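Bear in mind the structure is a predicted one, so any value in this text is a computation, not a measurement. Throughout, a chain's letter reflects where its sequence line sits, starting with A, and its residues are numbered from 1.
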Amino acid sequence: MTRQTKVMPSLGEAIRQSGLRDGMTISFHHHLREGDRVLNSVLAECSVLGLKDLTVNASALMGCHRSILDFVRDGTVTGIECNFMHAQIGQAISRGALEREVVFRSHGGRPAAMDRGESRIDVAFIAASAADATGNCNGKQGNAAFGSIGYAMPDAEHAQYVVVVTDQLFEYPLIGASISEESVDAVVVIDSIGDPLRIMSGTTRVTRDPIGLLIAEQAAKAIGASGLLRDGFTFQTGAGGTSLAVAQYLGEIMREQGIVGRFASGGITGLLVNLLREGLFETLLDVQCFDREAVLSIGEDARHGEISATRYASPAAKSSVVDHLDVVILGATEIDTDFNVNVHTDSNGVIMGGSGGHSDTAAGAKLSIIVAPIMRARMPLIVDRVGTISTPGEDIDLLVTQYGLACNPRRSELASRLERAGLPVVPIHDLKAKAESITGVPTRSTHKGRPIARVISRDGMLLDTIAMIED
Amino acid sequence: MNSKQMKRARAGTLESGDVLVTIEPADALEIKLYSPVINQFGDAIMRSVREVVESFGVTSGTISLEDQGALDCTIRARLATAIRRSFEEEEGVDA
């Protein structure tokens, strides 16, 4: 029998062949981060084709995706679902750019919603730096290699129609494919899927701020005192400057004490690659590469494994990596005295981020640590009630600041361990009062506009709503 | 002190945690505040500004504060310096 080729002459033809119609949902992944060109190119084609009322379900919307606002204005896009939204888009959404409410999920909640049938993807557009003519593809090979393609794996599995978008076509069969031909309907070759040099954006370097370093050192000591740091230790840290510094200090402690960790997971940076090479961790479980060192490593080191978003963090999976975590280091824009954490909105209530894997890892890890200074410029970190609940306080165990460590009262045994190690454990209310003695007590606006976004917990429940800002 | 003797003067920077204060001679007193924390600290900042302005007996001039989340002590110090510079005989530093 003869088979029709999956290779389409253009993005427009692939969209036509996919049967995409008004009102449907299209999906994207963000491994190319600030260098991605696929999302913008697809939306531009959809607009040219006159498609209306589409919902964009993206693992994250970065600053480079701000042209989505043009397609909101022309009616091409009327729905947005994502796990993270850059402030450049968030500012417009917070001022009511979109009629329908944005749906925020977490990196584990997004695939879980697909698994449970709550989230339907009609057409998935998967950027791949290497693909063959049948759609076997990955992000590890090719000129625009970006590493792990983990967030796109559930899309390939669940979408009604899957389009692989690449700028480098390889001979069949592509060996080492991360997404297999069995789930791919079409392949499109475009000039450029994006600029891999822009994967590493602002947040992914070790801090040089002395306060950040002090906090990181205290956090590493707290891990050392927690009883969890032993051979077989498992660890995740975010890509924020202070979180990365924790990994650096932790590496020093592990080196001194001869401890070898089993794995480090999540978004992977060169810093973790170095800990792997040094033998301080046996493996890396990588859902997203944050820099070039990580991209190179995942392509050549068998101990550096790629994982899907489902395996990473989905509560609907039969088990997932986050459930095996001992310690996770996380950031916060705000934390309240019940330990609820906000990473969605700024102090004025404007969208500037999202959970990513925050709530997933906090729920899974035995010890979830927030590292943050008690104030940023004049804004205190600790508030009576966070503007948006991104991660519920019951999943947060410890806050580490430059003025001391605050333990969730649910974890009194942890507080005793830290105190015995000579660490300055203080009530969270004291840290709040300390900050306010320096900044003054902020007044809070009680005026709320119409809801413009919903934050969905990883289990699919409504966690919070975000209100429109009226200037 | 009256506005005839005042001249344009500045103090501060646009770094995070600082405030840039600019004073321009004018017939009436006007205070302009731009701040990322205006919702949380706008009233507190204006109270401090009025206190400092009154303590120097300034009754005229346009005083603009481009705040970057400065603490109260910083705002008071930068404003006091800007006012002193605006009354200096020689060409004001940073003017």
Evaluate the side-chain proximity of A:Arg444 to B:Asn39: yes if any heavy-atom separation is below 4.5 Å, no if none is. no

For A:Ala377 and B:Gly17, work out which heavy atoms get closest and say how close. CB-N, 4.1 Å

Around atom CD of B:Glu30, are there more than 12 heavy atoms of other residues, nucleotides or ligands at under 6.0 Å? yes

Among B:Ala70, B:Ser35, B:Cys73, residue most engaged with chain A (heavy-atom pairs, under 4.5 Å): B:Ala70

For atom CG of B:Asp43, is the number of surrounding heavy atoms from other residues, nucleotides or ligands below 6.0 Å larger than 12? no

Quick one: closest heavy-atom pair of A:Met379 and B:Phe41, and the distance? SD-CE1, 4.1 Å

As an exercise: rank B:Thr74, B:Val37, B:Asp72 by heavy-atom pairs under 4.5 Å with chain A and give me the winner. B:Asp72

Pairwise distance CG(B:Leu71) to CE(A:Met375) - rounded to 0.5 angstrom: 4.5 Å

